[in-house]
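Chain A is the first sequence line, chain B the second, and so forth, proteins listed ahead of strands; every chain is numbered from 1.
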Amino acid sequence: MTDEPPKMDRRRFCGQSVWGLCLAGIGGLSGYLLGRTRQPETRWQIDPTKCIACGNCATYCVLEPSAVKCVQAYKICAYCDFCPGFLEPGARLDTGAENELCPTGAITRHFVEEPYFEYNILDELCIGCGKCVKGCEAFGNASLFLQVHHDRCVNCNECAIAAACPSDAFVRVPVDRPYLLKGVEEHA
Amino acid sequence: MSRGVLAIAVLAVLVPCTVTWAIERFPPPDFESGYEMPPTQAPDARPGVWQYLDVAVLLAALSVAAWLVHRLRSRRGVFLLMLFCLAYFGFWRKGCVCPIGAIGNIAWAAGDPNYVVPIAAVLFFALPLVFALFFGRVFCAAVCPFGAIQDLVLVRPIMIPTWLEAALRLGAYVYLSAAVLLAFTGSMLLICRYDPFVPIFRLGGSFNIFVLGAAFLVVGLFIGRPYCRFLCPYGVILRALSRLSRHRVTITPDECIRCRLCEDSCPFGAIEPPTAEWSEADYKVDKRRLALLLLAAPVLVGVLAWGGAALAGPLSRTHRQVRLADEVFLFDAGKITEITDPIKAFRRTGRLTEDLYAEARAIQNEFRWGGALAGGFVGLVAAGSLVGLSIRWRRNDYTAHAGGCLACARCFAYCPRHHVHKGHAAPAHAIAPDRFILANAQGAAPEGTRP
Ligand code: SF4
Ligand code: SF4
Ligand code: SF4
Ligand code: SF4
Ligand code: SF4
């Protein structure tokens, strides 16, 4: 209150210039970034041709359980009796529950007709660990693969799994076609 | 023997570690029973337009908050808005997207020209800052779900000495610089990964982070909003901008009569008392201390910048290409024998190892420079707050610190002028100020005396 008027004025002027600069800075930065955003909006998805089912998907997602889950491409699946994605490698001759590969019992097996069995993934149980994917890729038709399920994914700014994925499998896809499904495009 | 078993027996020997798309080892079966294949699961995403609703709610909430704090001066209003925002941005939108985490997006976008930053993230980052330039930290007061959840648990605030508060606040600057550095180099989004309250909003998530959030809330019972004051990286940006704000939050609607009633009413230590007159001798001592500090400041900045650069090695391991280069190097040198998934994936891309090493080196270089900058920035802030603490500012009134005030509106009702303005009857504590001050000094919750 005791400052002389000229000093006060100079201080005010400096303050206002800094204020204006800050406002212009925020405006400029957001304008520049908004100009760079692309339409349509994007979502994260796993490119199944690159994914090696490393297991990071189960642990790195900000959600628990992960938003990544296994899906079954029925058109590719061979409907094996002894599904290498369903059973432990050592348990060839017995389909008992103790031999299941999936740590959460998320895969169900239904008899279709001799000798075929249908394998389904229970989304509520699957944690996206990729064990079944590895098995199916190694010894089966590679019809099991991992996808980000968009009913769960919160579309993080920067997907925490993408930052940890060893094979660069996470890509951004348009929001209106947010899946990269095996066995749909080429058979449809 | 079923063909699955046979195939496994053969393939276990033959199949190399490669993965190709739709390896049709077995032809898809021809069903005779009229079996229909179920469709592949692909649950729908939340449509993209919803994010504009989030932005609209944010804008509306900020405007209402500014009106409540500056015009209506109503703590109750601020409190209700805060509850709404906690429900909407916290529990409904699950704490994502939030301005604090958006710092990471912005820094990532600055470092990587190919990165598509979501529109909502840009607006969430910018809007509260613009509001801070006009109205102070109204975002912190009522809109931020992280602030709200801490505000709710605050029951018995204890005061922290100013120097301790300033020292602890350095943590937020360290966190901010680390987060910006890691995002700029494309390594990770530190803030999002270690967001303490997100597991609470999502009612699930990493157990460790959940414990961290719970710890913050327990501390928050006694220390007002610990995350906000000592860690929040967005808070320090808001703090800086709020110091320039056009409309400051004022404790009193007109003139301070220095009744001291508001003195202890701020649970965040943001109210500064009038300063005492000081003697000529004091002034001399102060001047000498200030000169020393100003001399020491460049040393502090230099040391911390050097420290930041020295951390480049460990910090750069948060980047997966650097980690991969490490692994490949160790594998090639025979120091690890088991081939890891990342190495497998790298080999599959057919990239040259030299390329990878060059990229890793470039990233480490970025970390060296960035680390030095970040360290220097922290040093500058530390020196600045030391200088700020040792300067004797002149103040005649009780004022809310323009940067530290979270605009929560708690202190308003403590001011007798507030009640005159509102045409209330004078509250009990204005009639018996001594008793009130006594009670407050003993640590009674300021809220209990709210009229
Ligand atoms: S982190 Fe990448 S490679 Fe690993 S399972 Fe997920 S998408 Fe596949
Ligand atoms: S964007 Fe977030 S929620 Fe979605 S898969 Fe990635 S980490 Fe999980
Ligand atoms: S093995 Fe893992 S990825 Fe496959 S269904 Fe089970 S939890 Fe999901
Ligand atoms: S300081 Fe940070 S966490 Fe606290 S209310 Fe403000 S933005 Fe939210
Ligand atoms: S409005 Fe008052 S009580 Fe609230 S943070 Fe600001 S000074 Fe403290």
Picking from B:Pro43, B:Pro342, B:Ala110, B:Ala345, which has the most non-hydrogen pairs under 4.5 angstrom with chain A?
B:Pro43
Contact origin within B:Phe346 toward chain A - heavy atom pairs under 4.5 Å:
neither
I'd like to know if the side chain of B:Arg348 reaches the main chain of A:Lys50, judged simply by a donor and an acceptor atom lying under 3.5 Å from each other, with no hydrogens or angles considered.
yes
Listed pairs under 3.5 Å, donor-acceptor, residues 28-35 of chain A side chains, sequence neighbours left out:
{"unit_1": "A:Ser30", "atom_1": "OG", "unit_2": "A:Ile26", "atom_2": "O", "d": "2.5"}
{"unit_1": "A:Tyr32", "atom_1": "OH", "unit_2": "A:Arg36", "atom_2": "NH1", "d": "3.2"}

Any side-chain to backbone donor/acceptor pair from A:Tyr179 onto B:Asp44? Under 3.5 Å, distance only.
no
B:Val130 and A:Leu23: side-chain contact (heavy atoms from CB on, under 4.5 Å), yes or no, with the steps?
CA-CA 7 Å; B:Val130 173; A:Leu23 192 61; 4.0 Å; yes
Tell me whether A:Glu113 contacts the main-chain N or O of B:Ser33 through its side chain, where contact means a donor paired with an acceptor under 3.5 Å.
yes
Could you go through A:Glu114 and B:Glu32, starting from their C-alpha distance and side-chain angles, then the distance that decides it, and tell me whether this counts as side-chain contact (heavy atoms from CB on, under 4.5 Å)?
CA-CA 10 Å; A:Glu114 206 48 56; B:Glu32 282 150 14; over 6 Å; no
Minimum heavy-atom distance between B:Pro29 and A:Tyr116, given as atom pair plus value:
CB-CZ, 3.1 Å
Would A:Val112 and B:Met37 count as a side-chain contact (heavy atoms from CB on, under 4.5 Å) if you check the C-alpha gap in whole Å, the side-chain angles of each, and the deciding distance to 0.1 Å?
CA-CA 10 Å; A:Val112 180; B:Met37 281 181 192; over 6 Å; no
Under 4.5 Å heavy-atom distance to chain A, tell me which part of B:Leu123 shows up: side chain, backbone, both or neither.
side chain
What part of A:Cys153 gets closer than 4.5 Å to chain B, counting heavy atoms only: side chain, backbone, both or neither?
neither
Under the rule for side-chain hydrogen bond (donor to acceptor under 3.5 Å, both in side chains), what residues qualify as partners of B:Arg317, not counting sequence neighbours?
B:Asp326
With a 4.5 angstrom heavy-atom cut-off, which part of A:Gln147 approaches chain B: side chain, backbone, both or neither?
neither
Go through the atoms of A:Cys22 and report whether side chain, backbone, both or neither lie under 4.5 Å from a heavy atom of chain B.
both
Between A:Val154 and B:Arg202, does a side-chain contact (heavy atoms from CB on, under 4.5 Å) hold up when you go through it step by step?
CA-CA 10 Å; A:Val154 289; B:Arg202 292 180 182 156; 3.9 Å; yes
Go through the atoms of A:Asp123 and report whether side chain, backbone, both or neither lie under 4.5 Å from a heavy atom of chain B.
side chain
Relative to chain A, which segment of B:Ser187 carries a heavy atom at a distance below 4.5 Å: side chain, backbone, both, or neither?
backbone
Ring centroid separation A:Tyr79 to B:Tyr35 under 6.0 Å
yes
Can you check whether A:Ile121's main-chain N or O pairs, donor with acceptor, with B:Gln41's side chain at less than 3.5 Å?
yes
For chain A, the option from B:Val122, B:Ile209, B:Leu133, B:Leu129 that forms the most heavy-atom pairs under 4.5 Å:
B:Leu133
Go through the atoms of B:Arg243 and report whether side chain, backbone, both or neither lie under 4.5 Å from a heavy atom of chain A.
neither
Exercise: identify the closest heavy-atom pair between A:Tyr74 and B:Pro38
CD1-O, 3.1 Å
